[in-house]
Amino acid sequence: MSSAPQWKNPVIRWVDERLPVFTYIDHEYNQFPVPKNLNYFWNFGALAMIVLVTMVVTGIVLAMQYTPHVDYAFGSVERIMRDVNYGWLIRYIHMNGGSMFFIIVYIHIFRGLYYGSYKSPRELLWMLGVVILLLMMATAFLGYVLPWGQMSFWGATVITNLFSALPIIGEPIVTWLWGGFAVDNATLNRFFSLHYLMPFVLFAVVGLHVVALHVTGSNNPTGIEIKGPQDSVPFNPYFTAKDSVGLGVFLIFFAYFVFFAPNFFGEVDNYIEANPMQTPPHIVPEWYFLPFYAMLRAITFDVFFIPAKLLGVMVMGASIMILFIVPWLDTSKVRSARYRPVYKWLFWVLVIDCFVLGYVGAKPPEGVLVLMGQLGTAYYFLHFLVIMPIVGKLETPLPLPASISEAVSGGSANSSPSGMEKP
Amino acid sequence: MRKTVIGVAAAVLITISGQAMASGGIELPKQHWSFEGIFGTYDRGEAQRGLQVYSEVCAGCHGLSLIYYRNLMGLGYTKDQVKAFAAEYEVEDGPNDEGEMYMRPAKPSDRFVNPFPNDKAARAGNNGALPPDLSLVVEARVGGPNYLYNLMAGYVEPPAGVSVMEGMSYNAYYPGHQIAMPSPLSDEAVEYADGTKATVAQMARDVTTFLTWASEPNMEERKGMGIKVLLFLIVLTGMLIAVKKKIWADVH
């Protein structure tokens with residue numbers, strides 16, 4: 001079964017002997033052994049890949065009608081919405097696809113955190129994932145500027161200005177990023193160019209992420225490795241079928257927003273053309289940046305010689321950089337939180353903390369929200385820097401099953417070894 | 001347990017997004033609209049009366065620059081009606097063979113003619129305030145159609161102790177309550193051809209429906225396609241679930 005296939009078609013055989021793409025696909029997507037107990041949270045990697053392709057395809061089509069010029073950008077997007085055949089459909093797919101991408105990737109990341117997918121030997125797989133997250137954030141930020149609405153312009157102004165917090169080199173960097181002395185036509189042009197480039201860089205890193213995955217194999221809800229053929233099933237047809245179910249459900253969710261609530265995730269101010277002379281009352285980023293925005297704004301005080309603004313930028317940067325070292329911060333011998341009675345609950349506290357930070361990020365920083373943001377930020381770092389290393393050492397994990405197949409069929413009363421009723 | 005937590009998390013997420021959008025702080029009484037819901041369409045009667053309100057009342061100050069006269073065919077007007085409607089307006093064209101710019105009657109392929117040649121002229125004619133273009137006004141305001149309706153019908157006497165600045169009006173639903181636009185509607189401000197009584201509430205409703213259409217003229221096409229797409233995806237997903245169950249039947 002795991003031997004190299006004999007290709008019957010002479011053309012395929014000829015190609016495969018010289019460049020074994022067919023053998024590669026057969027190995028990695030047909031025979032590839034996958035733990036048979038993966039739940040539906042393991043769909044999100046494949047879904048993210050599909051959304052990335054969707055974004056690239058719709059984006060390339062949109063670029064054919066879009067004009068990256070401060071005088072025409074807003075109008076050209078409205079022209080796409082009104083006069084280009086099915087332009088509204090392509091643009092709403094692209095616009096909501098960005099939000100879908102982040103929903104999927106955040107679930108994918110929290111899945112990895114819950115089941116300990118970052119632990120040895122998957123550290124590099126996890127770190128490549130963090131690189132993907134960073135690239136996605138950059139791409140999303142650049143793309144949000146392109147419609148040249150009020151939030152586009154002011155979001156770009158606020159975020160690029162963050163670099164001015166750096167001492168000495170800050171101001172020159174901002175001027176260099178803008179290509180001038182304000183967010184203007186040069187900025188819009190380069191943002192468009194980079195927004196077009198970044199997804200292809202993403203593809204490359206996603207490729208590495210997938211290759212790394214196929215070296216170590218998938219983690220699974222028990223967190224124990226495959227111990228024999230009884231623990232795994234071939235990727236095809238089992239996980240092509242299971243991923244397809246997830247895809248169908250996801251597409252229903254996606255289509256609902258595209259067709260019936262296309263502006264749900266957006267800001268109304270972005271339907272007003274950018275006006276450098278008029279600042280909107282509340283500048284807020286897109287929802288997927290809100291927790292990070294809350295952490296940026298949480299630092300309202302100087303620490304010694306470091307001004308609050310610079311410290312805020314450092315904290316925001318650290319909130320993602322810290323993910324790179326998670327494999328070494330977690331000291332537990334057990335991967336899956338399913339067998340970690342204490343950490344399991346602390347995981348959900350982190351999830352709630354991220355939602356609290358998101359809520360704080362959406363609101364003007366006033367009154368109790370400032371304190372909430374500061375406590376939320378402190379807890380976020382506490383989780384990774386203190387809780388993860390200490391709980392891993394102190395906690396007594398539950399006994400692990402001997403193997404994946406024992407965890408699936410053994411122990412529980414309602415599944416008999418010979419039964420065919422398994423859904 | 002896990003499902004409960006996920007459910008709560010999803011509810012929180014949706015609440016956050018909802019609240020992020022509904023800022024501003026003034027409670028907007030909700031109206032029932034023909035274009036709401038997944039089967040919603042624009043009430044043609046309301047939209048056509050709304051065009052009349054726009055043309056006779058709003059168009060004195062507010063442009064509608066993203067709309068072409070030809071788009072009006074989407075509201076149920078015939079080509080000849082649209083031609084006649086457009087011809088009431090004059091646009092600058094040219095240069096002609098002599099190199100001169102000249103004025104000609106608007107055609108269906110022209111955009112709605114702006115009331116002012118530029119923003120400065122608009123400000124000069126409006127006490128320093130700039131009347132915004134209305135092409136996207138429903139999408140560009142928190143509350144959308146409900147905001148617009150309540151704004152139109154929301155001119156009231158200022159509460160005791162509140163003084164309104166020179167040249168401003170008090171509006172119950174405008175953020176900050178002081179608005180540069182004087183009350184645009186009064187009873188019988190227009191005479192509807194279909195005999196509908198032109199109350200302020202009726203005109204506010206009609207012009208809101210018209211401007212919602214102007215913000216998104218493709219909405220009916222979008223929702224119509226969406227229903228077909230959703231039905232297809234639900235059937236497809238049902239089949240995929242059946243296939244998956246069959247394939248996995250012998251795995252324990």
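The figures that follow rest on heavy atoms only: side chains count, while hydrogens, waters and symmetry mates do not. Treat the numbers as computed from the prediction; the structure is a model and nothing was measured. In what follows, every chain begins at residue 1, and chains take the letters A, B, ... in the order their sequences are listed.
Heavy-atom distances place the side chain of B:Tyr68, and not its backbone, under 4.5 Å from chain A. Of the two parts of A:Leu89, only the side chain, counted from C-beta on, holds a non-hydrogen atom closer than 4.5 Å to a non-hydrogen atom of chain B. For a residue to count as touching a neighbouring chain, one of its non-hydrogen atoms must lie under 4.5 Å from one of that chain's; by this rule B:Ala214 touches chain A with the backbone only. Contact annotation for A:Asn37: neither backbone nor side-chain heavy atoms come within less than 4.5 Å of a heavy atom of chain B. Looking at B:Leu236, neither its backbone nor its side chain comes within 4.5 Å of chain A, counting heavy atoms on both sides. For chain B, the nearby part of A:Phe74 is the side chain; its heavy atoms alone come within less than 4.5 Å.
Here the straight-line distance linking atom OH of A:Tyr256 with atom CG of B:Leu233 works out to 15.0 Å at 0.5 Å rounding. Between the CZ atom of A:Phe260 and the CZ atom of B:Phe39 there is a distance of 7.5 Å, given to the nearest 0.5 Å.
With B:Arg222 contributing its side chain and A:Val258 its backbone, the two residues share no donor-acceptor pair below 3.5 Å. With hydrogens and angles disregarded, no donor-acceptor distance shorter than 3.5 Å links the side chain of A:Arg79 to the backbone of B:Leu66.
Heavy-atom minimum distance, A:Phe259 versus B:Gly226: CG-CA, 3.3 Å.
Within the 4.5 Å cutoff, side-chain heavy atoms of B:Leu230 are placed close to those of A:Ile252. Side-chain contact check for B:Val142 versus A:Glu267: every heavy-atom pair is 4.5 Å or farther apart.
Of the residues considered (A:Glu78, A:Arg82, A:Lys242), A:Arg82 shows the highest number of contacts with chain B, using heavy-atom pairs under 4.5 Å.
With respect to A:Ser244, the side-chain contact (heavy atoms from CB on, under 4.5 Å) criterion is satisfied by exactly one of B:Ile241, B:Leu240, B:Val243: B:Leu240.
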